[in-house]
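Encoded as structure tokens, the structure appears first; notes follow it.
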Amino acid sequence: MPEITKSYEPREVERKWYAAWLASGAFAGRPARGRQGYSIVMPPPNVTGVLTMGHVLNNTIQDILVRRARLEGYSTVWIPGLDHAGIATQTVVERELRKQKKTRHDLGREAFLERVWAWRKEKGGVILEQLRRLGASCDWDRTQFTMDPEYSSAVLGVFADLFNKGRIYRGKRMVNWCPASLTALSDEEVIMKPVNGTLYKVRYEVVDSPGQFIQVATTRPETIPGDVALAVHPDDPRYAGLVGRKVWRPLVRTEIPVVADKAVDPAFGSGALKITPAHDKVDYEVGLRHGLPVVEVLEADGTMNLLAGPGLARMERFAARKKAAELLKASGALVGEEAYQNNVGYSERADVPIEPRLTWQWWLRYPKVEEAKAVVQSGQIRFHPERWAKVYLHWLENIQDWCISRQLWWGHRIPVWYRKGVDRDSLTEADLRDPQKVHVSAAGPSDPEDWVQEDDVLDTWASSWLWPLTTLGWPDAARMKEAGFDYFYPTSTLVTGPDIIFFWVARMIMAGLELSRPGEGVDRRLPFRDVFFTGIIRDAQGRKMSKSLGNSPDPLDLMDRYGADGLRFGIVSIAPQGQDIRFQEDRIEQGKNFCNKLWNACRFRQMSGPAGDNGSPHAIMSRIDAAKFDADDHAILDRLLFATREVDRYFAQFEFSAAAQALYSFFWNDFCDWYVEVSKAKLQAEETKATCLAIQDLVLRQTLLLLHPFIPFITEELWSLLGYDGGRASIMDGTLDNASRCATDLGILGAKPDQALAATVERMKSFISQARALKAENGQAGRRDSGFVLIAPDRDWQVVESNMAKLARMAGASQIVRAEKAAGPAVVTAFGTLHLDTSGTADPATERARLAKELEAISRHIASSKARLANEAFVSKAPAHVLEGARRQMAELSAKQAELTRLLAGLG
RNA sequence: GGACCCUUAGCUCAGUUGGUUAGAGCGUUUCCUUGACAUGGAAAAGGUCGCUGGUUCGAGUCCAGUAGGGUCCACCA
């Protein structure tokens, strides 16, 4: 067996094992008869993406779930992939083109798409390579891309299916238009931002009553040339006589009517509203109700057109706003302006204000909305933390049809063909469903020369909503069989961020319910059973991490410096369920330090004695002689079972950081700080050595299994170095038993931890702690040969005596002797009064102060204890165990108080 | 306007159905290179749990209110 080095060097270990895992096919997900399946689909990162801390957290958690399930005996699969990310990717390639002073139109659709594919091949998807570095145990052979031929065919097939079901239609409506990307966006892709602007007060002169004006307020004076009316509330007495009359539009001067509409809030401003149906959603609806014309004054790219009048035409919209204000001022129509903050919708991707714009688009009436609500309400799909269910349900309650078409080239081109010569914009709903005029299918028409295909592509989310289905081969029967659809669907757990509940989670649920297994029970059609929402990672100041702020650390750099395991352990341990995470690099360092601690504890084991048969837990147990157990042996096994049970529970509750911390504290405090230290004395004695080593092996073996999901590389390396593989290749072939199974196994061996004996270890720990403190206060902290005198009753002395070697070593004492009385600095311990031999060097004043301080604390505690016990209500109402505990504590405190008083008196 | 979250040690955070003296990591102070580990060990200082009231024998924990910070949804020009 190779010797374990002094410090852990992750780099080579990580590289070696990841290659070995890939070579052995350890991550391959295969249906296995007689075993339960466990499946996760990775939220596909954008093909343009690079690894961020968010990805690290998200994918580490998925890996933890999959690796744990694997150790628990499930047949697991974790399916990775990439999202083609329509706008994001197209933007990247267009930016490259712009450097060559070209636009996509210079290339044409086909050449441009070739260009995008070339980019994808050359630079896309680096993130998947980066995830390998992190240790992600994905089944890479199953990697999917949303533009793969099979995937595309599924997407188009679903479009045709939903079209045939009447759920998809084409309609001219107000949409969120992005003047930078030149496409429609869904409501979810619009971010409302408060913007400091100006509220302009403009007066419109009444045509038949010169000198009389109606004043309106607007933030967008450049749209005045598109005004087709003014509107007032029908019950507003101020304007009662004006409804039906005409006013002069102050820019591109013409007569427009005054209409009455309940959409107007009479309490806001002057109570009159300008109506610009082409450029405002509410105005459009008012226009429809009153049969008003639509006058577009803005082009798709956000510039003014000729209808805006000679003063504004061809200007960019924000410049036009200023110009319009100047023109109004010059004509006297502008009667005031004030600073004003209002909320403006911004394009999520391009970060420019969107324009409401009337265009033809494809829409989806969401399927299975009610069922999607029901499965979450009933708990058939469980959200963790649960509160996100409320957000989800609220969105579904108010759901609007989904605009699924995008005026882009990169994406799934909508599988609709119009018969040549047919004017698509004059098609009625009935025409749309007439196969003579419109063809809809994934394969396309058999006589393509007679048809013209729709130009638009689908919203990216209209492909990724099929992810859990299509990654498992759906809808192709042969591919489903190969991918194990029957076995792995529904998938087990989805791990994602709450920011895409609407974009992705809700839509996947609806898609799964509608498409997966029509006619079967709900629980067969769900895409997943649990959804775990991670927090958002913020910087130390609490800001979101973003490229533009440059406040996001590079995960690859962190892995270089702390190891992938250190990064994984660190990030998980600071990510409590449901809260945003404030990133602090020292926590990653802590992860690295923990790995080093684990490494060195195993090194100590290796140096302490030859390896016995470590091939299986039973082999290790057969080396244990339970008859030779002392309290520490009982205690460490008891703590091991406790930690195992805690981790079991935390996993059931999706509390990964709590699980990591439980393991951290068990391993560092219970095992390293105590058991390893007491082992040093036990290993000196031949009769206890073999059992002690076997217990170490048992604990380390189980600890490695428990930790493997969090820190896979180092646990694999140590598993191999210490020979726990029993001739098998990998820790992944090991079995992680749950706590009750472990307890049973120990019981069979006659090594069931004795709780009472384990409890004496707690007393020994505090005894040692007090002894060390006593030394530190008397300037002996560094000494290994202090002398102690203990005044103890027989029962307690027996405990000390039978653990003497360990206790003396731990206390740094040459000896602890028993006496009837003693002098010198002292402390009242659970085993009696312990005096430190200072050979008269101690300062009585310091000693007196210390004892007095302790006595005061004890007395305060006694007072509150006493008050409680004197309270009749407490005595009669508190449960028995609480009462019992309080009384026992009172007795202990009183004894200690008496002893402290005695010691103080002895000092004079 | 509606919904949700947070406020506990200098910092970042745990604290599970209410129950003995509220914890961790980092930071700080003092000490220690003893044969697993200085990426380490030992000891110590440090908190009226945002505030006010209520329920209870008992509240960091439950309820009501309030202040501050944050997120999402909907938006009136």
Side-chain angles (χ1 to χ4, degrees), chain A residues 4 6-8 192 199 216-220 231 263-265 267-270 272-276 280 282-283 340 342-343 345 385 387-388 390-391 394-395 398 498-499 501-502 536 538 540 542 562 566 573-574 576 578-584 586-587 589-590 592-608 649-650 653 655 657-658 661 664-665 669 672-673 676-677 679-680 768-769 772-777 779-784 809-810 812 857-858 860-861 864-865 868 871-879 881-883 885-890 892-893:
Chain A
I4 298 179
K6 188 167 175 174
S7 70
Y8 175 54
M192 301 305 290
L199 190 64
V216 303
T218 180
T219 54
R220 303 202 59 187
V264 181
D265 176 5
F268 185 90
S270 63
L273 179 63
K274 73 188 214 42
I275 301 300
T276 322
D280 185 278
V282 172
D283 291 8
Y340 188 72
N342 64 335
N343 285 329
R387 64 188 152 87
W388 294 111
K390 211 165 177 175
V391 175
H394 181 254
W395 184 75
N398 299 288
D499 49 331
I501 289 182
F502 313 139
I536 293 168
R538 299 173 178 280
Y562 304 110
S573 68
I574 57 174
Q579 294 303 325
D580 285 356
I581 295 126
R582 206 166 281 218
F583 179 77
Q584 283 192 307
D586 56 14
R587 301 301 294 265
E589 189 177 358
Q590 202 184 314
K592 177 195 174 192
N593 294 350
F594 181 66
C595 290
N596 194 57
K597 190 75 176 174
L598 179 65
W599 184 259
N600 274 288
C602 291
R603 180 165 181 258
F604 174 74
R605 164 62 192 90
Q606 196 187 45
M607 291 165 70
S608 298
R649 197 183 82 228
Y650 287 134
Q653 296 169 351
E655 299 265 17
S657 74
Q661 276 159 14
Y664 181 98
S665 125
N669 303 128
C672 294
D673 288 348
V676 166
E677 291 306 320
S679 291
K680 288 173 182 173
I768 291 300
S769 193
R772 286 165 171 170
L774 192 61
K775 284 174 62 176
E777 280 150 4
Q780 295 190 20
R783 283 176 62 172
R784 307 290 300 156
R809 189 186 176 100
M810 297 287 272
I858 292 273
R860 231 181 305 137
H861 192 183
S864 79
S865 241
R868 191 193 353 244
N871 184 340
E872 207 169 305
F874 172 72
V875 175
S876 62
K877 288 186 181 175
H881 73 276
V882 173
L883 188 56
R887 284 189 171 135
R888 195 174 50 235
Q889 183 198 23
M890 186 65 189
E892 285 164 11
L893 287 170

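Letters A, B, ... are given to chains in the order of the sequence lines, protein chains preceding strands, and every chain is numbered from 1. This structure is a prediction, so every number in the text was calculated from the model and none was measured.
- For the pair A:Asn593 and B:rC37, the criterion of a side-chain N or O lying under 4.0 Å from OP1 or OP2 is not met.
- Residue-level contact check: A:Leu893 touches the bases, meaning some heavy atom is under 4.0 Å from a base atom.
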Contact state string [nucleotides 27-36 of chain B, B base, S sugar-phosphate only, - no protein heavy atom under 4.0 Å]: ----SS-BBB

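- Every side chain to side chain contact (heavy atoms under 4.5 Å, CB included) that A:Met192 has, sequence neighbours left out, goes to A:Val190, A:Asn343.
- The residue A:Thr219 sits close only to the backbone: its heavy atoms come under 4.0 Å of sugar-phosphate atoms, none of a base.
- Shown here are the side chain to side chain contact (heavy atoms under 4.5 Å, CB included) partners of A:Ala217, two or more places apart in sequence or in another chain: A:Leu199.
- Among the protein residues, A:Asp586 comes within range of the sugar-phosphate backbone only, with heavy atoms under 4.0 Å from sugar or phosphate atoms but none that close to a base.
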Provide a list of protein-nucleic acid N or O atom pairs under 3.5 angstrom, restricted to nucleotides 10-12 of chain B.
residue, atom, partner, partner atom, Å
B:rU12, O4', A:Gln584, OE1, 3.2

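- The salt bridge (Lys or Arg N to Asp or Glu O under 4.0 Å) test applied to A:Glu892 returns no partner, not counting sequence neighbours.
- Under the rule for a salt bridge (Lys or Arg N to Asp or Glu O under 4.0 Å), A:Arg887 has no partner lying at least two apart in sequence or in another chain.
- For RNA chain B, runs of at least 3 consecutive pairs of the Watson-Crick or G-U wobble type, with both hydrogen-bonding distances under 3.5 angstrom, map to B:1-7 with B:67-73, B:10-13 with B:23-26, B:28-32 with B:40-44, B:50-54 with B:62-66.
- With sequence neighbours excluded, no residue forms a salt bridge (Lys or Arg N to Asp or Glu O under 4.0 Å) with A:Arg649.
- Residue contacts for A:Asp499: at a heavy-atom cut-off of 4.0 Å it reaches no nucleic acid atom on any strand shown.
- A:Asn596 contributes no side-chain N or O that forms a donor-acceptor pair with the base of B:rC37 under 3.5 Å.
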Contact pattern, 5' to 3', of nucleotides 15-20 of chain B - B, S or - by protein heavy atom under 4.0 Å: -B--BB

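- Within the nucleic acid shown, A:Met192 comes within 4.0 Å of at least one base atom, counting heavy atoms only.
- The phosphate of B:rC13 (OP1 or OP2) has no side-chain N or O of A:Ser657 nearer than 4.0 angstrom.
- With sequence neighbours left out, the side chain to side chain contact (heavy atoms under 4.5 Å, CB included) criterion links A:Phe268 to A:Asp265, A:Tyr340.
- For the OP1/OP2 pair of B:rC4 and a distance below 4.0 Å, the side-chain nitrogens and oxygens of A:Lys390 include at least one atom meeting the criterion.
- Annotation: side chain to side chain contact (heavy atoms under 4.5 Å, CB included) contacts of A:Arg603 (sequence neighbours excluded): A:Ile4, A:Lys6, A:Asn600, A:Met607.
- Using a 4.0 Å heavy-atom criterion, one finds that A:Asn871 contacts the sugar-phosphate atoms exclusively.
- Remark: A:Arg809 engages no residue in a salt bridge (Lys or Arg N to Asp or Glu O under 4.0 Å) (not counting sequence neighbours).
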